[in-house]
Structure formats: C-alpha cells, structure tokens
Amino acid sequence: MTRPATILEAFGAGKAYPGGVLALDEATLEVGQGETLALIGESGSGKTTLLRMFNRMVEPTRGAIRFCGEAVDEMEPVALRRRIGYVPQQGGLIPHWTVSRNVELVPRLLGAAESERRSKAAATLDLVGLEPDEVGDRYPNQLSGGQRQRVALARALAADPEVVLLDEPFGALDAITRLELRGEFRRLQAETALTALLVTHDLGEALELADRVAVMRQGRILQTGPPREIREHPADDYVAELLSHVDRPSHPEGAG
Ligand SMILES: Nc1ncnc2c1ncn2[C@@H]1O[C@H](COP(=O)(O)OP(=O)(O)OP(=O)(O)O)[C@@H](O)[C@H]1O
Ligand SMILES: [Mg+2]
C-alpha cells in the first residue's frame, strides 16, 4: 500500500504576538490525504492559531507550513484559500447574502458560470443534508443554528477543496443537533474523499470523527495518534486526565 500524499504539514510552527503572547509555542503535524485529524485542547491552547496558519490567516513567527508540499508563504493567499475550505469558529456566513449566494462564494471567485454555480450550490447543500429549494433563498438569520452550521460546511465544500479546516464546526449547538451533525460528517467522510483538520473541544466528537487526534496544551502538541492509541497509552497525566472525562464513543474507532 502506498502512503497517502501529505496535504498539510507544520514543522516547529510558532506564533508570538507583539507584547509577548505566545499563541503557539511549537507545533509539528501532518495531515494525509483522506484523513481527518482533530485538534483538541482547552481554550487558549493554540488550536485556532495553528489551524489558521494553513490558509495564511495567521503567519507563523517561526517554523514552516506547507500545503501539498509547497511552502504556504510562497503561495498567493487568495489562490491558497480557493484550494482550502474553511469553516471559521463563528460560522462566518455573510448575513445579508442568501444561503445560495453564501455557498456559491468560492465557485463565483473561481469564475464558474451562473448555471454551474447554481447546480453546485444545490448539490453541496444536499450533501450536508439541507433541501436546496427550501433554504436556498433564505438569509442566515432565517435558519436554525444547526442549519447555519450546515450551510457554513456547504460553503467550505462548494469549491471541491483539497482539504477543509473546521474550527469547532458544531460548536454552540444543543447535544442532539451535534450528534446529528456528527452523523452527517461521518457520511461525508464515507461519500467524499474528505481531508480535514477539525478543531473541537468536544473530546467524544474528536474520538468519533478523527482518524488521528492531536492533543494541545499551552501552545504545544502533547501527543498525536489514533483515538484508541491515545486512550490506551496517554503520553502523560494531563492527557490521561483529559480523556478520563470522555464517554466511550458510539463508533469504536475513528472514521475509518
Ligand atoms: N491576535 C492576537 N493577539 C494576541 N494574542 C492572541 C491573538 N490571537 C490569539 N491570541 C492568544 O493566543 C492564545 C491561543 O489562542 P487560540 O485562539 O489559538 O486558542 P484556541 O485553542 O483556539 O482557544 P478556544 O478553544 O477558546 O477557541 C490565547 O492565549 C489567545 O488569547
Ligand atoms: Mg479557537
């Protein structure tokens, strides 16, 4: 079996903000094609900072970031972002645009014709479990929280990106809706060759959805490995303590 291509790579990546805040101390990780890697860790541990380095929304102050083998600091940010789907922590939908227009954003930037954009938006909404005819002409504030998250996911997927960066995509939702969206995500993983970097502080979610999990604390990655390995062989007391709070996931091993 050949090793899958590496899509995302960080080598000793760090970010110091002026004034001495070390948002990310040092992080090294790889995400392979078709893999979902979850970043978990407490608030302020550097998850969002690391995630946003891959689409150059945060520039590292040390280390290197590569996308498909190429240094991202040598790539044009806009061109890079067209190849990387992104669901920001707050969803990031444009409030005065309809659902369809939001989802068509990147295909439009890529110059797709109107009819092509329309059918792509409909297909993508369908993929995330929404009825295009029902929600396409609504505005984000006319949707439930769960529907908005689905639209944000659809928008990130609409341009057939090589990888998606998901920052707590199911955050701020009730438990039932989260479970439903987890199921939807698993279906996406099965139906598309999804490559994803998923930030979550829901450990159960990370263990259920990810092929590998990276545990972060204070700007560093403490341990990276498949869910079972992390559960059975936590690297230290902190990881063990963190995992002691997780119920066993309903699906025994990652996404595969
Ligand atoms: N623009 C900034 N300027 C200064 N400090 C920042 C900036 N952005 C983030 N930080 C700090 O860097 C640290 C890491 O932030 P980050 O957003 O990466 O955490 P996180 O793990 O995503 O947390 P959460 O789970 O709350 O979203 C925090 O201490 C944060 O206050
Ligand atoms: Mg964050």
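Just so you know, ligand 1 is whichever comes first in the structure, and atom 1 is the first atom listed for that ligand. The first residue in the sequence is number 1, and the count goes up from there.
The shortest contact between atom 18 (O) of ligand 1 and any protein heavy atom is with Thr49 OG1, 2.6 Å. The nearest protein atom to atom 26 (O) of ligand 1, hydrogens excluded, is given as Ser43 OG, 2.5 Å; this is a heavy-atom distance. Annotation: atom 23 (O) of ligand 1 to nearest protein heavy atom, Gly44 N, 2.8 Å. Nearest protein heavy-atom contact of atom 9 (C) of ligand 1 is Tyr17 CE1, 4.0 Å. Shortest contact from atom 17 (O) of ligand 1 to any protein heavy atom: Thr48 CB, 3.7 Å. In this structure, the protein non-hydrogen atom closest to atom 25 (O) of ligand 1 is Lys47 NZ, 2.7 Å.
The shell of residues lying under 4.0 angstrom from ligand 1, judged by heavy atoms, excludes Gly41.
Among the atoms of Ser43, no N, O or S atom falls under 2.8 Å of the Mg ion (ligand 2). Residue Thr49 does not count as close to the Mg ion (ligand 2), with no N, O or S atom under 2.8 Å.
Below 4.0 Å from some heavy atom of Ser45 lie the following atoms of ligand 1, by number and element: 19 (O), 21 (O). Close approach of ligand 1 to Gly46 (heavy-atom distance below 4.0 Å) involves ligand atoms 14 (C), 18 (O), 19 (O), 20 (P), 21 (O).
A salt bridge is absent between Glu26 and Lys15; no separation between the charged side-chain nitrogens and carboxylate oxygens falls under 4.0 Å. Under a 4.0 Å N-O distance rule, the pair Glu229/Arg212 does not qualify as a salt bridge. A salt bridge links Arg187 with Glu184: at least one charged nitrogen is closer than 4.0 Å to a carboxylate oxygen. Salt-bridge check for Arg182 with Asp202: passed, with a basic side-chain N closer than 4.0 Å to an acidic carboxylate O.
Residue-environment remark: CD (Gln90) stays at or below the threshold of 12 foreign heavy atoms within 6.0 Å. Shown here is Asp237, whose CG atom has no more than 12 heavy atoms of other residues, nucleotides or ligands within 6.0 Å.
There is no protein heavy atom less than 4.0 angstrom from atom 30 (C) of ligand 1.
With a 4.0 Å heavy-atom cut-off, ligand 1 is reached by the side chain of Val21 but not by its N, CA, C or O. At a heavy-atom cutoff of 4.0 Å, ligand 1 is contacted by the side chain of Gln89 but not by its backbone.
Considering backbone and side-chain N/O of Ala23, none are found under 3.5 Å from N/O of ligand 1.
Across Leu209 and Phe170, no two heavy atoms sit closer than the pair CD1-CE1, 3.9 Å.
Angle OG1(Thr48) to the Mg ion (ligand 2) to OE1(Gln89): 90° [nearest 10 degrees].
Side-chain contact between Val164 and Val87 is absent, with no heavy atoms from C-beta onward closer than 4.5 Å. Side-chain contact check for Phe185 versus Glu205: every heavy-atom pair is 4.5 Å or farther apart.
Screening residues 120-130 for salt bridge (Lys or Arg N to Asp or Glu O under 4.0 Å) gives Lys120-Asp160 as the qualifying pairs, with residues at least two apart or on separate chains.
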